[in-house]
Amino acid sequence: MATLTIIIPFYNISKRIIPCLESIRATCNSSSGINVIFINDGSTDDSCEVIDCFFKENNMDYNIITKSNGGVSSARNLGIINSKSDYVLFLDSDDFIFDDAISFFISKAEQYFGSHIIAQYKSIVSEVDKSLSINDSKEIVCKHNEFFERYISGDLISEVSVCSVFFCLDNLKKNKILFNEEMTHGEDQLFLLDALKNSNFKYYNKIILGYVKDTSNSAMGRFSYSRLSIIELYMSFINMTNNDETKVKIYQRVQFEILIIVKLALKNLGMKNAWSFFKLEIDKRIKDVCECKPFNNEYYILSKYPFLYMIMYKIYRWLKK
């Protein structure tokens with residue numbers, strides 16, 4: 001039977017990790033050959049004690065590796081290095097896996113051993129909805145090129161994540177696939193593409209993973225200059241395809257990201273600094289995608305009349321208070 005390591009990085013999550021732990025207990029209790037590696041990324045709260053207490057009570061195979069704070073990518077890489085199983089599954093500490101996820105994986109791994117097994121995830125806005133685990137698990141016939149076109153275009157971004165894939169560990173190590181520790185945005189997408197591009201995989205319409213959205217603690221909801229790196233990542237996708245329709249979708253992904261970054265800059269930097277940031281970093285990136293039709297009217301105003309757009313957005317924010 002295929003063995004599995006579940007890799008979970010964490011940082012100060014003692015008050016939020018219990019649903020994740022409970023889901024692991026529910027899906028792993030009846031399965032052997034499963035180890036859970038927790039990577040403590042420099043926590044200062046009682047996260048380790050909470051995990052120890054929970055797993056000792058449930059007699060499960062786990063270990064905690066502690067490191068200095070370095071971010072989720074460095075934590076996941078440490079998990080890969082310390083794994084000795086056939087497959088690895090990455091989870092975030094606020095994810096939960098559905099009851100039948102492991103049995104689904106084992107059946108597919110035995111059938112297609114050595115291939116990556118791609119499943120799906122679902123984002124939840126409130127409480128865990130266990131009914132989402134009851135869905136078909138039919139294979140989606142998808143050639144390598146077709147999957148890559150759909151992924152880089154953004155068509156699969158709400159279905160497939162790095163945490164919904166059972167990665168063949170031997171394949172990762174043989175091809176020296178690790179997370180880019182210099183990136184803080186888009187590193188998951190880059191890892192997934194690197195892992196799959198020269199490997200066999202099977203893709204199923206099976207939801208194995210869910211997570212409760214919490215933008216207050218997410219890097220996606222905060223302004224950072226490093227977020228510009230995701231624009232560079234998306235622009236690099238252009239060179240991966242000759243399909244004009246895919247290129248248009250990628251340009252629209254860039255436009256959407258530009259819009260979000262400008263809004264975050266206005267929220268966090270104030271008008272004067274946000275305008276300087278726009279002129280220095282955003283204006284040239286808008287010109288890079290000017291050949292593509294604006295994906296909506298809001299982006300059109302930003303691209304044509306940026307100062308007016310920024311004033312209007314500030315007024316909008318003020319009226320919402």
Side-chain angles (χ1 to χ4, degrees), residues 4-28 34-85 88-97 121 123-128 161-164 178-191 209-230 261 264-265 267-269:
L4 172 68
T5 297
I6 302 174
I7 299 171
I8 307 177
F10 68 88
Y11 176 76
N12 290 351
I13 43 72
S14 63
K15 293 180 173 58
R16 305 191 308 275
I17 198 173
I18 292 299
C20 177
L21 302 181
E22 289 176 338
S23 75
I24 293 171
R25 177 182 59 188
T27 193
C28 295
I34 298 171
N35 178 48
V36 185
I37 296 180
F38 292 93
I39 309 295
N40 175 16
D41 194 31
S43 294
T44 56
D45 67 355
D46 60 342
S47 297
C48 292
E49 289 80 2
V50 170
I51 294 168
D52 271 329
C53 181
F54 185 93
F55 273 81
K56 284 178 180 176
E57 286 181 358
N58 291 278
N59 194 30
M60 297 184 67
D61 187 12
Y62 79 101
N63 60 306
I64 300 175
I65 300 173
T66 296
K67 59 182 286 295
S68 58
N69 183 258
V72 65
S73 290
S74 64
R76 286 172 173 167
N77 287 340
L78 188 59
I80 292 173
I81 292 168
N82 283 274
S83 296
K84 296 177 173 56
S85 54
V88 294
L89 173 67
F90 302 103
L91 289 183
D92 291 331
S93 55
D94 52 357
D95 291 340
F96 54 89
I97 50 178
Y121 78 97
S123 61
I124 311 296
V125 294
S126 56
E127 296 299 320
V128 174
S161 84
V162 74
C163 294
S164 68
L178 292 171
F179 288 88
N180 186 328
E181 297 181 18
E182 301 301 316
M183 296 178 65
T184 57
H185 298 82
E187 69 279 7
D188 286 8
Q189 297 177 55
L190 182 61
F191 178 91
L209 172 79
Y211 76 94
V212 179
K213 291 182 178 179
D214 182 9
T215 56
S216 64
N217 291 303
S218 171
M220 299 305 290
R222 299 191 299 268
F223 173 79
S224 169
Y225 280 85
S226 62
R227 186 162 181 155
L228 293 168
S229 64
I230 201 169
I261 291 173
L264 291 174
K267 290 178 184 178
N268 291 269
L269 301 181

- If you look at every heavy atom in Cys20 and Ser23, which pair is closest and at what distance? O-OG, 2.8 Å
- Query: Taking atom types as modelled, is there a side-chain donor on Ser47 or Ser14 under 3.5 Å from an acceptor on the other?
  - Reply: no
- Query: If you count the non-hydrogen atoms of other residues, nucleotides and ligands that lie under 6.0 Å from CD in Glu182, is the total more than 12?
  - Reply: no
- Message: Please identify which of these residues, Asn35, Ile37, Leu78, Leu4, meets the side chain to side chain contact (heavy atoms under 4.5 Å, CB included) condition with Ser83.
- Response: Ile37
- Message: For Ile34 and Ile6: C-alpha separation, side-chain torsions, deciding distance, then whether side-chain contact (heavy atoms from CB on, under 4.5 Å) applies.
- Response: CA-CA 8 Å; Ile34 298 171; Ile6 302 174; 4.3 Å; yes
- Query: Should Ile7 and Leu89 count as side-chain neighbours, where that means a heavy-atom distance under 4.5 Å?
  - Reply: no
- Message: Can you list everything that forms a ring pair (Phe, Tyr, Trp, His ring centres under 6.0 Å) with Phe54? Sequence neighbours excluded, please.
- Response: none
- Query: What distance separates Ile261 CD1 from Leu228 CG, expressed to the nearest 0.5 Å?
  - Reply: 5.0 Å
- Check ion pair Arg76-Asp92 (N to O, under 4.0 angstrom): yes
- Task: Apply side-chain contact (heavy atoms from CB on, under 4.5 Å) to the pair Phe38 and Leu91, showing each step before the final yes or no.
- Result: CA-CA 10 Å; Phe38 292 93; Leu91 289 183; over 6 Å; no
- Message: If you compare all heavy atoms of Ile65 against all heavy atoms of Asn63, which two are closest, and at what distance to 0.1 Å?
- Response: CG1-ND2, 3.9 Å
- Item | Smallest separation among heavy atoms of Pro9 and Val72, with atom names | CG-CG2, 3.9 Å
- Message: For the residue pair Asn40 / Tyr11, report whether a side-chain donor-acceptor contact shorter than 3.5 Å exists.
- Response: no
- Query: Yes or no on side-chain contact (heavy atoms from CB on, under 4.5 Å) for Phe10 and Asp41, after CA distance, side-chain angles and deciding distance?
  - Reply: CA-CA 6 Å; Phe10 68 88; Asp41 194 31; over 6 Å; no
- Can Val36 and Thr5 be said to form a side-chain contact (heavy atoms from CB on, under 4.5 Å), step by step? CA-CA 6 Å; Val36 185; Thr5 297; over 6 Å; no
- Search all heavy atoms of Pro19 against all heavy atoms of Arg16 and return the closest pair with its distance. CD-O, 3.5 Å
- Task: Please name the pair of heavy atoms, one in His185 and one in Ser229, separated by the smallest distance, quoted to 0.1 Å.
- Result: O-OG, 3.7 Å
- Using ring pair (Phe, Tyr, Trp, His ring centres under 6.0 Å) as the criterion, list what pairs up with Phe179, not counting sequence neighbours. Phe90, Phe191
- Query: Does a side-chain heavy-atom distance below 4.5 Å link Ile18 with Glu22?
  - Reply: yes
- Query: Among side-chain atoms of Asn77 and Ser74, is any donor-acceptor pair under 3.5 angstrom?
  - Reply: no
- Message: Quick one: does any side-chain atom of Ser161 pair with a main-chain N or O of Cys163 as donor and acceptor, under 3.5 Å?
- Response: yes
